[in-house]
S.K.: 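Please see the structure below; I have some questions.
Every chain is numbered from 1 and lettered A, B, ... according to where its sequence line falls, protein lines coming before strand lines. Hydrogens, waters and symmetry mates are skipped; everything else that's a heavy atom, side chains included, is used. Model, not experiment: these values are computed from the prediction.
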Amino acid sequence: MENRAWLWPSILTFLVITCLLSIVTGPLQIAPLTSFNAVLNWATHLELGAVAPHEQLVINNVRLPRTLLAMTVGATLAQCGAVMQGLFRNPLADPGIIGVSSGAALGAAICIVLFPGSGEYSVAFGAFIAGLITTLVVYRLASSSSGTSVVLLLLSGVAIAALAGAGIGLLTYLADDMALRDLTLWQMGSIAGAQWQYVTLSLLALLLISWQFYRSSKALNALLLGEAEARHLGVEVDKLKFKLIFLCAVGVGISVAATGIIGFIGLVVPHIVRMIIGPDHKRLLPISAVLGAIILALADVGARSLVAPSELPVGLVTAMLGAPFFIFMLLKQKNRLI
Amino acid sequence: MIDIKHVSVRINHKPVLTNINLHIPSGKVTALLGPNGAGKSTLLKSLSQEVQLDAGKITLNDRPLQDFDRLELAKHLAVLPQHASLTFPFAVHEVVAMGLYPLTLSSKQGMELVDEQLSRLALTSLKYRSYPTLSGGEKQRVQLARVLTQLQQAQRPPVLLLDEPTSALDLAQQHRVLSLAKELAHQHNYAVVVVLHDLNQASRYGDNLVILERGQIVSQGPARTTLTPQTIKQVWQYEPQIVNAPGCETPLLF
Ligand SMILES: Nc1ncnc2c1ncn2[C@@H]1O[C@H](COP(=O)(O)OP(=O)(O)OP(=O)(O)O)[C@@H](O)[C@H]1O
Ligand SMILES: [Mg+2]
């Protein structure tokens, strides 16, 4: 057996470092030690270290929620990606494949363009509901009395995404300048608007899906043998598929509602993890969660510092990093297929 | 063990199996024979509940198959797939460990069981190899190890369904796998059902030969009574040469 004892300690250390880095980064210079004290104060509700009140305020209300949201969303997207890739038995599947992101984008666009000024929560809520509905439609389209076909699921996902894209196009055409800017920014994804409510929701979703996914990890492994083979091993394949798709829709839906569309985390992270520790979901899922948290938090640090004092949408950063990696993966896959 | 009574299966309104009656006993190797498209795989699939029956019923130990809980059935009935398409780079021992899914074992016991099955199929040296890089025959043996793992907690004689298990194997491996099937039936009281194309292998390893033609059983029984020149000519439209070789119990067919 290969020695993997180093893996958890090193990846957790990495997580803590990323967390501190993210808390130190921002337009207001706060020294690392002061930031650290501020986090301690926040966690213990005590005045353990000396921190200026305005600095404590920035840490409490801006940097901590932002860091935690990046991490929970990153962990959620990465695990949902891993599960979708397992479910579709295709390493190039991403969590948006079941239509949840495109549906959420349409929901958000409707709220932004048709109901301007209805508040940002309504955008998040509209996105979440529309993402869930779209997933259920895609799922219905792909199901028949004899089960749910993965190929049909994929094709209906593509078709519904195209339809949602057309809807967004139409809304873009109708939008005024203000709504247009909001819409464009939303679609690029950003963690800048992080608030504690979103952190709580996204953390709850993360705990739920992590727990359920981990419980399904053996069944997911079996599913990679093929659906018939998994059934012969005693897996309730159709129940499992519904459960996993529904949980992904919830996880991705809440993430998209909180941050807009952030691409490539769900696609790339499980891939990197598979290259390091292999495809066994029992290890793949937890490690993907931690790595997803690290990568999205780092991307957000990049988004804040690359063009400081201004900011890039984090979706742009993940795409700039993720797309070249994806092409690299495709090329590798191609060589193996030929 | 398994009783198939008046079973008919249609796929897209086309009758694929018509009024099949068959008893599959434990402790014996039942060989399914017949030309391409005769319905052999479909008969196996109706035993593993992959196709729905149009009429008739199948019982395992006098209990209808569909009454079984999936996990409970999985402990007693396992299927070796004709082609296993696993493209994710699992290690060989991880593939075999998938057979632990229906079992209740501690992870240490599970690992021991996996090692046992690996050595039973002479796969120990491949334990850490990546499955997709194996040859077709090696993959087949790994799948067989996985399927045998699945049956290790059976409380009653287990059923093993093999669809053309020898199609990817070299001569020695073919005989090794079929001897193992025979050993499982005769010494461990398994009910083995195996689809074969080679009539000589069938007569050498099969206890009960079942010949299917266009969805119907034309003949069944031991090789001596079923593999007659007339039946072969009728079913396969081929006139075999029959050689009575010294040292062989059954005549050889070419
Ligand atoms: N899903 C399907 N749709 C339509 N026809 C089918 C389907 N599955 C099987 N059949 C038909 O049922 C018949 C029996 O098929 P089956 O696979 O059982 O044959 P087989 O005896 O296993 O043949 P082979 O020796 O080639 O494996 C064939 O005529 C086949 O075309
Ligand atoms: Mg067949």
S.K.: Quick one: does any side-chain atom of A/Thr259 pair with a main-chain N or O of A/Val256 as donor and acceptor, under 3.5 Å?
M.R.: no
S.K.: Would you kindly check if the NZ (Lys) or CZ (Arg) of A/Arg89 is within the cone defined by 45 degrees around the ring axis of B/Phe88 and under 6.0 Å from the six-membered ring centre?
M.R.: no
S.K.: Quick one: which of B/Ser130, B/Pro132, B/Ala74 has the most heavy-atom pairs under 4.5 Å with chain A, could you say?
M.R.: B/Ala74
S.K.: Chain B: which of A/Ala219, A/Gly278, A/Gly226 shares the most heavy-atom pairs with it under 4.5 Å?
M.R.: A/Ala219
S.K.: Examine whether an atom of B/Leu161 lies under 4.5 Å from a heavy atom of chain A, and if so say whether it belongs to the side chain, the backbone or both; otherwise answer neither.
M.R.: neither
S.K.: Check A/Ala222 against A/Val235 and note the closest heavy-atom contact, atom names and distance.
M.R.: CB-CG2, 4.0 Å
S.K.: Can you say whether B/Leu73 sits under 4.5 Å from chain A via the side chain, the backbone, both, or neither, judging by heavy atoms?
M.R.: neither
S.K.: Would you please say whether a donor-acceptor pair under 3.5 Å links the side chains of B/Asp163 and B/Ser41?
M.R.: yes
S.K.: Let me know if B/Gln143 has heavy atoms under 4.5 Å from chain A in its side chain, its backbone, both or neither.
M.R.: side chain
S.K.: Side chains of B/Ile58 and B/Lys5, heavy atoms from C-beta outward: is any pair under 4.5 Å?
M.R.: no
S.K.: Name the member of A/Pro279, A/Gly86, A/Ala230, A/Ala228 that forms the most heavy-atom pairs with chain B at distances under 4.5 Å.
M.R.: A/Pro279
